[in-house]
Amino acid sequence: MLFEDVAKAFDEIEGKSGRLEMTDLLARIFEKASPEEAERIAYITQGELRPPYDGIDLGLGEKFAIEAIRKASGYPKSTVEKEFEKEGDLGVVAEKLFSEKKQQSLFRKSLSVLSVYNSMFKISRATGSGSQTMKINRLVELYNNATPLEARYVTRFVLGQLRLGVGDPTILDALSVSHTGDKSLREEIERAYNLCSDIGYVARLFIEDPKKMKEFKIEVFKPIMPALAERLPTPKEIIAKLGKCAVEYKYDGFRIAIHKKGNRVEIYSRRLEKMTHMFPDVVEGVQKLKPKEVIFEGEALAFNEDEKRFYSFQETMHRRRKYGLKEASGKYPLHVFAFDLHYLEGEDCTQLPYLDRRKKLESFLPTGVIKLSRMRIVSTPKELDSLFQNALTMRLEGIMAKDLKAKYTAGKRKFAWIKLKKSYGKEMDTIDAVIVGYYRGKGSRAKFGFGGILVAVYNDETSRFETIAKVGSGFTEEEMEKFQKMLDEDKVKRPPSNLDYAMEPDFWVHPKYVVEVAYDNITRSPTHTCGKEEGKGLALRFPRMVRIRDDKGPFNSTTTKEVEEIFRFS
Ligand code: ATP
């Protein structure tokens, strides 16, 4: 398949904001693709080359792309830079300069999807001395054979700025539509995807043979999408929903999935990034576990031996950064509180009821630094509340109530797990929102050049971001400087194509950073678009910045549905 077909589809996708149209455009591409091509197209559409846990970064800075455009177009560097200044998008600059290029090469070879992917893969792999020159030369080679439109997308891709606004759900829908003309296979495809978190792998298997979705099995070292919890405001409502249920302590640590096969151990974050190197102490503990092949998950947090108390996620990370991994491992040893089991000695445990998974987990834990989350079965609101109060006295965040019969709901937010946190109805509550824009500083803040952020939540039904607050307080002076620098690097000329907004910030940024924002309550307001009804969206009152959530990507932010639920309960 020609890369030009993909570039044309991307161009059309950019012009559309509706999910249905995007799905159809992508489906038409998948219809024509071989399994290998489908795999590459799925990754490229996501702006990736491999799944997140392979940690592949193209690592090409704007400086290098400018150099490659200069070499391939024959224009002087000053022209390329001037155009960049004007357009704010090197993809558009490449497209423009290559279409103006007088002498198109006579020996231009059409680019195929596979050859473009291979070149980009090689660019990402090049390391060591001379690697930057090699990266530039490969890019020049691509440009020499690219049409102007192809050059736009190659450039954006290598810079990590593809930003088509196509989420995983649209790709999953498109695969189904490519085969049946409708979304009837979406659920099967999504199941496979949630079990391996690898969109390219799923696309390849599906195009090879759609039956492979039903037969799809969990594999060690392919992390599963984490199950997510719903929330309810009181013990009474939780018991009304679940009846007799399990209650576990809710640890405010770092969520990790642990994979072990023989002596090899890998640890993945909530965002499915490989974090093994961060947890040498945990790896050592896991190697000693009895099972040969196992996947389980838990929360990791540091314990202070002197004060006999747990550190929060922030404190744990701070200590690990400050003292270095080795010293921190000795001084502030990590404990992992295992709370679920995905796979054991060849058996997919995600299909078992919660209580069976828990029993199997208990068959080889606790041992060493790997503990078990504390769990008790309760039947009344009173019992549930007393465990909740216990958790609070131990300075934990709250509890997780779990449906005894529920399967593991990979990648889904279901009432199989319900969280009850100390903030509900009492102190402050928070949501996790995505930064989509920022403001210039005024008055005393003018010296920082930073005046706050515009944040949005994710509507997972429409695959669009919707604004919910302008956050101007809660930043320290240091943070203001940090945000200013971080966001300056990411600003874009136009509002993100997958954002619904009513107010405009001074600068737009591509949805990427997630922040935790505290607020007093939620009201209806015409200035925001979250869950908009009759011209008014939901908005946070008195929003305050709490912290950056490095462990979350934009699609893991709080959803519109959750905000609507919080609004209903309050
Ligand atoms: P979410 O994970 O629901 O998107 P979040 O990361 O902000 O949101 P919370 O809403 O506070 O976290 O609660 C869910 C998280 O609680 C889980 O993702 C997990 O990391 C953590 N957790 C702590 N203890 C447990 C437990 N015993 N069982 C399940 N999850 C737990």
Side-chain angles (χ1 to χ4, degrees), residues 223-233 238 245-258 267-272 275 296-301 310 312-314 316-317 335-342 354-355 357-358 361-362 365-366 370-377 384 387-388 390-392 394-404 406 408-424 427-434 457-458 460 514-518 546-563 565-566:
I224 294 166
M225 290 275 185
L228 303 171
E230 281 285 357
R231 49 171 123 191
L232 281 175
I238 296 178
C245 60
V247 170
E248 293 183 22
Y249 280 161
K250 183 173 186 309
Y251 303 90
D252 179 21
F254 192 87
R255 184 174 187 168
I256 53 176
I258 297 172
I267 295 178
Y268 303 93
S269 70
R270 188 191 187 292
R271 289 180 76 171
L272 310 166
M275 307 290 281
F296 63 101
E297 69 176 336
E299 289 275 314
L301 60 165
F310 290 109
S312 69
F313 169 80
Q314 270 166 305
T316 301
M317 287 306 155
H335 292 240
V336 175
F337 288 88
F339 57 72
D340 219 311
L341 179 70
H342 301 163
Y354 164 82
L355 214 47
R357 301 201 302 277
R358 176 79 191 190
L361 199 59
E362 287 170 3
L365 289 178
I370 322 285
K371 321 266 190 238
L372 274 162
S373 62
R374 225 191 115 180
M375 187 274 275
R376 264 189 50 202
I377 294 179
L384 196 149
L387 287 177
F388 178 56
N390 274 353
L392 298 192
M394 295 192 55
R395 298 181 58 179
L396 293 167
E397 260 194 318
I399 54 104
M400 280 285 202
K402 299 189 173 176
D403 181 339
L404 297 174
Y408 185 84
T409 55
K412 299 211 164 96
R413 194 175 295 283
K414 296 266 171 192
F415 283 97
W417 292 1
I418 304 177
K419 55 194 174 190
L420 182 63
K421 293 208 266 188
K422 64 171 176 260
S423 49
Y424 292 174
E427 298 154 32
M428 73 173 189
D429 206 348
T430 66
I431 61 157
D432 298 322
V434 188
V457 292
Y458 184 57
D460 56 359
V514 178
V515 288
E516 187 174 348
V517 180
V546 179
R547 62 170 167 145
I548 297 191
R549 293 275 322 232
D550 291 325
D551 60 328
K552 284 194 168 187
F555 300 110
N556 313 124
S557 65
T558 302
T559 59
T560 301
K561 199 170 125 239
E562 286 177 89
V563 175
E565 269 163 26
I566 303 170

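We count ligands from 1, going down the list as the structure has it; atoms in each ligand are counted the same way. Just so it is clear, the structure is predicted and the values come from calculations on it, not from any experiment.
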Evaluate the ring planes of Tyr251 and Tyr249, with Trp represented by its six-membered ring, and classify them as parallel (under 30°), tilted (30 to 60°) or perpendicular (over 60°).
perpendicular
Short N or O distance, Asn556 and ligand 1, threshold 3.5 Å exclusive:
no
If the threshold is 4.0 Å, N to carboxylate O, is there a salt bridge linking Arg231 and Glu565?
no
Hey, are Lys552 and Glu516 close enough for a salt bridge, meaning a charged N less than 4.0 Å from a carboxylate O?
no
Does ligand 1 come near enough to Asp432 that some N or O of the ligand is less than 3.5 Å from an N or O of the residue?
yes
Dump the intermediate steps for side chain to side chain contact (heavy atoms under 4.5 Å, CB included) on Asp429 and Lys421, then the final yes or no.
CA-CA 9 Å; Asp429 206 348; Lys421 293 208 266 188; 5.6 Å; no
Using a strict cut-off of 4.0 Å, indicate which atoms of ligand 1 neighbour a heavy atom of Lys419.
1 (P), 3 (O), 8 (O), 9 (P), 10 (O), 13 (O)
Is there a polar contact, in the sense of an N or O pair closer than 3.5 Å, between Ser373 and ligand 1?
no
Please confirm whether Phe337 comes under 4.0 Å of ligand 1, counting heavy atoms of the residue only.
no
In ligand 1, the atoms that come under 4.0 Å of a heavy atom of Arg255 are 17 (C), 18 (O), 19 (C), 20 (O)
Arg549 near ligand 1 by a heavy-atom separation under 4.0 Å:
yes
Is it true that Phe254 lies under 4.0 Å from ligand 1, counting heavy atoms only?
no
Would you mind listing which atoms of ligand 1 come within a distance below 4.0 Å of any non-hydrogen atom of Arg270?
1 (P), 2 (O), 4 (O), 6 (O)
Which ligand 1 atoms, with their elements, are less than 4.0 angstrom from a heavy-atom of Arg413?
1 (P), 3 (O), 4 (O)
Ignoring hydrogens, just give me the one of Glu299, Lys402, Lys250, Glu397 whose non-hydrogen atom is nearest atom 29 (C) of ligand 1.
Lys402
With atoms numbered from 1 as shown, which atoms in ligand 1 lie under 4.0 angstrom from a non-hydrogen atom of Lys421?
9 (P), 10 (O), 11 (O)
If you round to the nearest 0.5 Å, how far is CD1 of Ile256 from CG of Leu301?
10.0 Å
Could you give me the CA-CA distance, side-chain angles and deciding distance for Ile238 and Leu384, then say whether side chain to side chain contact (heavy atoms under 4.5 Å, CB included) is met?
CA-CA 9 Å; Ile238 296 178; Leu384 196 149; 3.8 Å; yes
Using a strict cut-off of 4.0 Å, indicate which atoms of ligand 1 neighbour a heavy atom of Glu248.
26 (C), 27 (N), 28 (N)
As an exercise, state the distance from CD1 of Ile399 to SG of Cys245, rounded to the nearest 0.5 Å.
7.5 Å
Heavy atom of Met375, distance to ligand 1 below 4.0 Å:
no
Determine, stepwise, if the pair Lys419 / Trp417 fulfils side chain to side chain contact (heavy atoms under 4.5 Å, CB included).
CA-CA 7 Å; Lys419 55 194 174 190; Trp417 292 1; over 6 Å; no
Residue pair Arg271, Phe555: steps toward the side chain to side chain contact (heavy atoms under 4.5 Å, CB included) verdict:
CA-CA 10 Å; Arg271 289 180 76 171; Phe555 300 110; over 6 Å; no
